[in-house]
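Below, all heavy atoms of this structure are taken into account, side chains as well, without hydrogens, waters or symmetry copies.
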Amino acid sequence: MYSLARLPWMNLRGYPVRTGTLMLFSALMTMVMFGGTMLVSGIDRGLRTVESRLGADIMVTPEQADADFDAQTFLVSTEPSYFYMDEAIRDQVAAVDGVEAASAQLFLATARASCCAGRYQVIAFDPATDFTVQPWIADTLGEAGLGEMDVIVGANVGVANPENFSLFGNKLRVVAQFEPTGSSLDNAVYANFDTARILIDSSLDKGLNKYTTLDTGHIISSVMVRVAPGVDADAVAAEIQARVPGVSVATSTTMVSGIARSLETTSRTITALIALVWGVGLAMVTLVFVMMIVERRREFGTLVAVGAHKGLVSRIVLSEAVVVNAVGAGAGIIVSGVLIVSFSGLVRQTIGLGFLVPSIPVIAGLAVGTVAAMGLVALVSSWIALRALNMKDASALLKEGE
């Protein structure tokens with residue numbers, strides 16, 4: 001025996017095309033809403049990760065490197081770069097008032113040749129003074145040290161054999177791989193100064209370096225600066241620029257601001273798209289639902305005639321709307337979530353900016369918010385449909401349904 005409580009399910013199964021159409025609209029709305037909010041959250045996470053991984057307040061580079069190096073695109077550029085200046089620059093920078101710590105780094109770009117495992121940015125640090133790279137290493141390995149010919153690679157660096165990672169014909173040992181940052185740091189190979197100098201010498205010997213001769217024992221590529229607590233980084237940067245000749249100075253704010261502006265524009269665009277799709281989707285779902293309910297006036301009139309009260313009819317309509325939107329929302333969340341997680345690398349390349357898949361708790365929160373939004377769609381569409389039905393007495397509904 002069928003009960004009135006089963007009517008919503010029977011109605012949905014009895015009209016598969018109509019039900020499928022409503023579920024498809026709901027799923028598409030959910031995919032845009034959930035996928036869009038995942039993108040915005042992932043972009044925000046990527047920016048915060050880049051800021052934390054930068055680790056320095058100021059970056060000092062050679063003035064002549066301006067043609068190859070742009071502080072605002074360094075963290076998102078896919079093309080590695082390298083340049084050098086005298087190591088004495090580090091001591092000059094360290095002597096500037098307001099500088100709490102200064103540590104030199106060495107850069108090198110590997111070659112697209114049989115000598116190298118790939119085209120990567122080599123970033124070497126001085127273990128005696130470094131305060132930017134070694135904290136990541138300690139988080140990854142549990143210790144901060146790297147031995148000679150040991151390297152740690154970024155998340156995008158392919159490693160076929162960790163015991164034989166070749167750069168310029170040198171056999172290196174990959175001891176760990178960093179978690180993704182959503183920036184160009186994911187394409188880097190990290191080593192200490194001793195290893196980097198061997199690699200630079202090898203690149204010179206093989207003719208794969210843009211320089212012909214270098215005194216590898218006395219060169220650096222950049223100086224990473226941490227300012228003293230309470231000191232304005234912009235003021236210290238200006239002082240370094242004034243007192244140290246032949247250098248370019250960029251603050252971390254400058255380096256991240258270009259990315260942040262682009263990310264903000266992207267996030268606003270995605271948010272506007274979400275709002276537009278939600279509004280249009282709400283209108284479409286409501287229209288289809290209203291048409292469906294109006295066509296069923298005779299059915300509802302019959303229910304009222306046999307004794308069903310108007311509240312039961314309202315619950316039937318609301319139940320159908322909730323079921324349709326719940327199934328569509330579930331499907332949309334699963335499909336969009338799987339696509340974004342599976343193709344996060346492609347998403348990052350398409351956006352051209354830092355993107356990291358949000359954490360599990362964040363994804364769960366976004367899913368709950370999306371389901372709640374689709375629940376609102378169900379409430380609004382059913383409310384409008386009931387007003388369009390305009391339930392009167394049974395005879396009136398039966399006549400209108402003829």
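- Checking side-chain atoms of Q121 against main-chain N and O of N187 turns up no donor-acceptor pair under 3.5 Å.
- Within the cation-pi definition used here (under 6.0 Å to the ring centroid, within 45° of the axis), K210 qualifies as a partner of Y82.
- One N or O on the side chain of S103 and one on the backbone of D130 form a donor-acceptor pair closer than 3.5 Å.
- Of the inter-residue distances, the one linking L167 atom CG with L208 atom CG reads 11.5 Å to the nearest 0.5 angstrom.
- Here the shortest heavy-atom pairing between R119 and A109 reads NH1-CB, 3.9 Å.
- Of the possible polar contacts, none joining the R173 side chain to the M149 backbone as a donor-acceptor pair under 3.5 Å is found.
- Listed for the D234 side chain is no donor-acceptor partner under 3.5 Å among the backbone atoms of D232.
- F178 and Y190 have perpendicular rings, their planes meeting at more than 60° on a 0 to 90° scale where under 30° would count as parallel.
- The closest side-chain heavy-atom distance from V153 to Y120 is not below 4.5 Å.
- Of the possible donor and acceptor atoms, none in the side chain of S342 sits under 3.5 Å from a partner among the backbone N and O of L339.
- The existence of a salt bridge linking R226 and D57 is excluded, since no basic side-chain nitrogen approaches an acidic carboxylate oxygen closer than 4.0 Å.
- One N or O on the side chain of N192 and one on the backbone of T195 form a donor-acceptor pair closer than 3.5 Å.
- Between Y84 and L106 there is a side-chain heavy-atom pair separated by less than 4.5 Å.
- Annotation: F343, atom CZ; neighbour count of heavy atoms from other residues, nucleotides and ligands within 6.0 Å does not exceed 12.
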